[in-house]
Number of protein chains: 2
Amino acid sequence: MVSKGRVTIREVAERAGVSTATASRALSGNHPVPAATRARVLRAARDLDYVANAHARALVGGGRKMAAVVVRQVTSPFYAQVAEGVEAEAADRGWLCVVGATGGDAQREMDFVRLMREEGARLVILVGGVVEDDAYRERVAHYAHALDSSGARLVLCGRPAPDPEIPALVVEFDNEAGARAVTAHLLSAGHRRIVFLGGLPGNTALDARVAGYRAALAEHGLPPEAAHVVDCGLGRAPGHRAMTELLKRTREFTAVFAGDDMVAAGVLRAIAESGLSVPGDISVVGYNDIPLAEDFNPPLTTVRTPAEELGRAAVRIALRDPEHAAGAHHLLGTHIVVRDSVGAPPPGRAL
Amino acid sequence: MVSKGRVTIREVAERAGVSTATASRALSGNHPVPAATRARVLRAARDLDYVANAHARALVGGGRKMAAVVVRQVTSPFYAQVAEGVEAEAADRGWLCVVGATGGDAQREMDFVRLMREEGARLVILVGGVVEDDAYRERVAHYAHALDSSGARLVLCGRPAPDPEIPALVVEFDNEAGARAVTAHLLSAGHRRIVFLGGLPGNTALDARVAGYRAALAEHGLPPEAAHVVDCGLGRAPGHRAMTELLKRTREFTAVFAGDDMVAAGVLRAIAESGLSVPGDISVVGYNDIPLAEDFNPPLTTVRTPAEELGRAAVRIALRDPEHAAGAHHLLGTHIVVRDSVGAPPPGRAL
DNA sequence: ATGAAAGCGCTAACAA
DNA sequence: TTGTTAGCGCTTTCAT
């Protein structure tokens with residue numbers, strides 16, 4: 001290496017015997033430069049292994065193509081799929097993609113969004129359900145306006161816009177419809193006492209699923225008291241714990257609707273540990289259809305939410321028509337994937 | 001919003017009635033500024049919702065704290081965990097973390113590394129085994145020198161340095177030891193005909209596991225012919241396909257050592273489909289202990305490779321002592337996690 | 001076709 | 001303590 005530090009366009013220009021202006025033109029290739037000159041510059045750049053300084057370029061050019069996805073955890077299969085979708089769609093367009101993890105902490109979310117503003121991200125995608133309180137509404141309104149005023153876009157994935165007037169767009173799954181569908185699936189298998197395990201009061205995604213669950217129950221002529229919601233939140237461990245406790249307390253149910261597939265993993269485990277079988281004694285359904293759901297014991301019947309498509313859609317929609325996009329609300333469909341975790345209720349326990 | 005475009009330090013300075021230099025000093029807080037002035041500036045910045053332009057800052061300050069992890073796929077549980085470790089360790093130090101996915105394509109890897117050079121990343125972490133051919137060696141040598149000459153560091157995670165002289169450091173698991181240990185576990189359960197399914201000739205991680213497998217066999221006094229390696233590569237689908245075929249061809253084995261847990265998922269599935277049981281008829285072990293391995297049917301005995309720790313270690317080591325780090329080679333230990341997928345060979349088939 | 005020069009937003013000397 | 005000035009590396013007028 002000749003000298004410490006990056007090689008600049010100046011060195012390239014010198015070596016090619018031209019000015020930095022000409023070098024710049026040849027390198028970016030938007031201005032007409034004679035082929036011979038151009039070749040000399042390109043050659044020099046290659047010899048020197050020159051790469052442009054993105055900061056300098058962004059400073060003069062007004063930002064760069066960078067998108068940011070913010071998720072709770074990268075290791076959650078669902079979030080990982082969404083992030084992969086965003087990454088893939090961004091990469092397809094030559095955009096850089098930054099992934100941020102918040103661990104569910106609002107402060108870290110705020111810090112990260114601020115950082116993205118500093119970095120000049122032109123697209124910020126916030127993924128995952130949240131509890132929609134005043135703090136949330138204020139936070140998001142702030143993000144939206146701040147981002148918008150510097151020409152960047154905000155996409156809310158699977159979480160609501162606190163106010164339709166806000167310059168943000170929303171892309172999410174129809175949680176209520178999906179939940180209604182699986183609940184109906186359980187009902188038509190003969191189940192009448194179904195518990196929803198994994199509620200998280202205030203969380204928009206879970207509340208919608210609970211609403212769909214209640215709606216399906218009502219549509220089948222069951223009274224409101226037939227609904228039984230255990231608010232244990234999401235995750236394998238909470239699901240396992242809640243199910244273990246529930247089994248100790250009562251057997252007044254024949255099926256479990258888990259808030260998501262990770263909860264379902266915990267539920268299946270708890271049932272197995274209690275010596276019961278699925279679906280022989282208890283039927284179980286999950287939500288999301290994560291990649292390993294078919295490897296559970298038994299393979300899990302669940303609702304497929306095309307997570308990668310959600311991520312891709314977020315980018316696509318945000319970049320499609322910048323003007324009309326604000327305030328738009330897109331719903332992605334879901335469907336049931338039937339595997340082996342649902343059967344008829346055990347004889348004699350149907351009601 | 002007053003004007004389109006970002007608020008600059010100039011506007012903050014104006015509003016606070018000071019020069020941009022003073023504003024800068026008050027904002028970054030490294031130079032002494034009287035409390036009163038400082039408060040005025042901070043106030044103005046808050047009122048205007050000012051965020052510094054990271055590009056301008058990086059341009060003058062000589063880069064910024066940014067690390068990049070490059071993985072094959074974000075949705076692979078193992079890679080996701082490594083990425084999470086890197087992200088967490090980077091965030092702890094106030095560094096930004098960028099995640100890139102290559103899909104296993106060398107070209108995309110090169111493009112991404114180049115992009116990171118443009119962006120001024122000070123730390124690039126390449127994760128995952130590779131086939132170590134000439135193209136690979138050349139590529140990595142280039143990354144290493146290019147990054148080094150601009151003061152950035154390269155970390156190879158779970159892949160070898162093509163040449164110890166190269167300015168890169170290596171952090172990886174002791175694949176051979178881990179593989180030897182699980183193989184020994186299988187042997188002491190009585191198995192003698194164990195097939196290794198998921199080889200990928202040339203891939204350093206898999207080759208090391210195969211070597212450990214052969215070593216364990218040899219240590220137990222078995223002849224080299226006792227080794228049976230099926231090179232189907234990694235992933236659930238290849239594992240499923242290869243196992244299905246293998247079962248059609250022969251039953252001359254009582255245990256399967258899957259190249260990783262995803263392969264194991266496919267293997268378990270194939271065995272179940274063929275009407276056989278695990279571990280009654282065939283024992284199975286995996287590698288990596290991904291988060292859902294205990295939810296497989298049956299819960300999988302596997303080798304725990306602390307993936308998140310690998311990611312954290314990569315950052316920690318690279319940032320620890322910049323001078324002595326180059327060329328260093330760190331090995332992280334692994335251990336077996338015993339669950340229910342290993343049993344004694346069926347009576348009469350032990351040998 | 002090409003060079004000189006201005007300036008993107010910020011920080012760091014250097015003065016005052 | 002504070003303001004003035006000079007760049008960081010690049011692109012882009014404006015001349016030539």
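Just so it is clear, the values below take in all heavy atoms, side chains as well, and ignore hydrogens, waters and symmetry mates. We name chains A, B, ... by the order of the sequence lines, and we start the count at 1 in each one.
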- Query: When we call it a touch if two heavy atoms are under 4.0 Å apart, what does A:Ser28 touch: a base, just sugar-phosphate, or nothing?
  - Reply: nothing

- Task: Hey, could you give me each pair passing side chain to side chain donor-acceptor pair (under 3.5 Å) that has a residue in residues 155-171 of chain B? Not counting sequence neighbours.
- Result: B:Glu109-B:Arg159

- 5' precedence on DNA chain D between A:Leu27 and B:Ser19 (nearest-nucleotide basis): B:Ser19

- Sort and list the pairs that fulfil ring-ring contact (aromatic ring centres under 6.0 Å, His included) and have at least one residue in residues 80-139 of chain B, not counting sequence neighbours. none

- Message: What I'd like to find out is whether the side chain of B:Glu89 reaches to under 4.5 Å of the side chain of B:Leu319, using heavy atoms alone.
- Response: no

- For B:Asp92 and B:Arg312, run salt bridge (Lys or Arg N to Asp or Glu O under 4.0 Å): C-alpha distance rounded to whole Å, both residues' side-chain angles, the deciding distance at 0.1 Å, then the answer. CA-CA 10 Å; B:Asp92 283 355; B:Arg312 297 196 91 113; 2.6 Å; yes

- Is the closest side-chain donor-acceptor distance between B:Asp49 and A:His145 under 3.5 Å? no

- Query: When you list every nucleotide of DNA chain C with an atom under 4.0 Å from a heavy atom of chain B, which one comes first 5' to 3', and which comes last?
  - Reply: C:dG9 to C:dA13

- Item | Axis-to-axis angle between the two ends of the helix from C:dA1-D:dT16 to C:dA16-D:dT1 (five base pairs per end, rounded to 10 degrees) | 40°

Residues 20-28 of chain B side chain polar contacts: donor-acceptor under 3.5 Å, at least two apart:
residue: B:Thr22; atom: OG1; partner: B:Ser19; partner atom: OG; Å: 3.3
residue: B:Ser28; atom: OG; partner: B:Ser24; partner atom: O; Å: 2.6
residue: B:Ser28; atom: OG; partner: B:Asn30; partner atom: OD1; Å: 3.2

- Query: OH/A:Tyr143 to CG/A:Leu154 distance, rounded to the nearest 0.5 angstrom?
  - Reply: 9.0 Å

- Contacts satisfying salt bridge (charged side-chain N to carboxylate O under 4.0 Å, His left out) that involve residues 65-75 of chain B (not counting sequence neighbours) are none

- With sequence neighbours left out, what residues match B:Thr75 under side chain to side chain donor-acceptor pair (under 3.5 Å)? A:Glu84, B:Gln73

- Message: Can you pull out every ring-ring contact (aromatic ring centres under 6.0 Å, His included) where at least one residue sits in residues 13-43 of chain B? Sequence neighbours excluded, please.
- Response: none

- Message: Quick check for you: to the nearest 0.5 Å, what is the distance between A:Leu48 atom CG and A:Glu14 atom CD?
- Response: 10.0 Å

- Any pair counted as ring-ring contact (aromatic ring centres under 6.0 Å, His included), so long as it reaches residues 36-60 of chain B, sequence neighbours left out: A:His55-B:His55

- Do any of residues 50-60 of chain A sit with a heavy atom less than 4.0 Å from DNA chain C, and if so which? A:Leu59, A:Val60

- Identify the 5'-most and 3'-most nucleotides of DNA chain D with at least one atom closer than 4.0 Å to a non-hydrogen atom of chain A. D:dG9 to D:dT13

- Query: Which residue pairs pass the salt bridge (charged side-chain N to carboxylate O under 4.0 Å, His left out) test when at least one of the two sits in residues 52-64 of chain B, sequence neighbours left out?
  - Reply: A:Glu119-B:Arg64, B:Arg64-B:Glu119

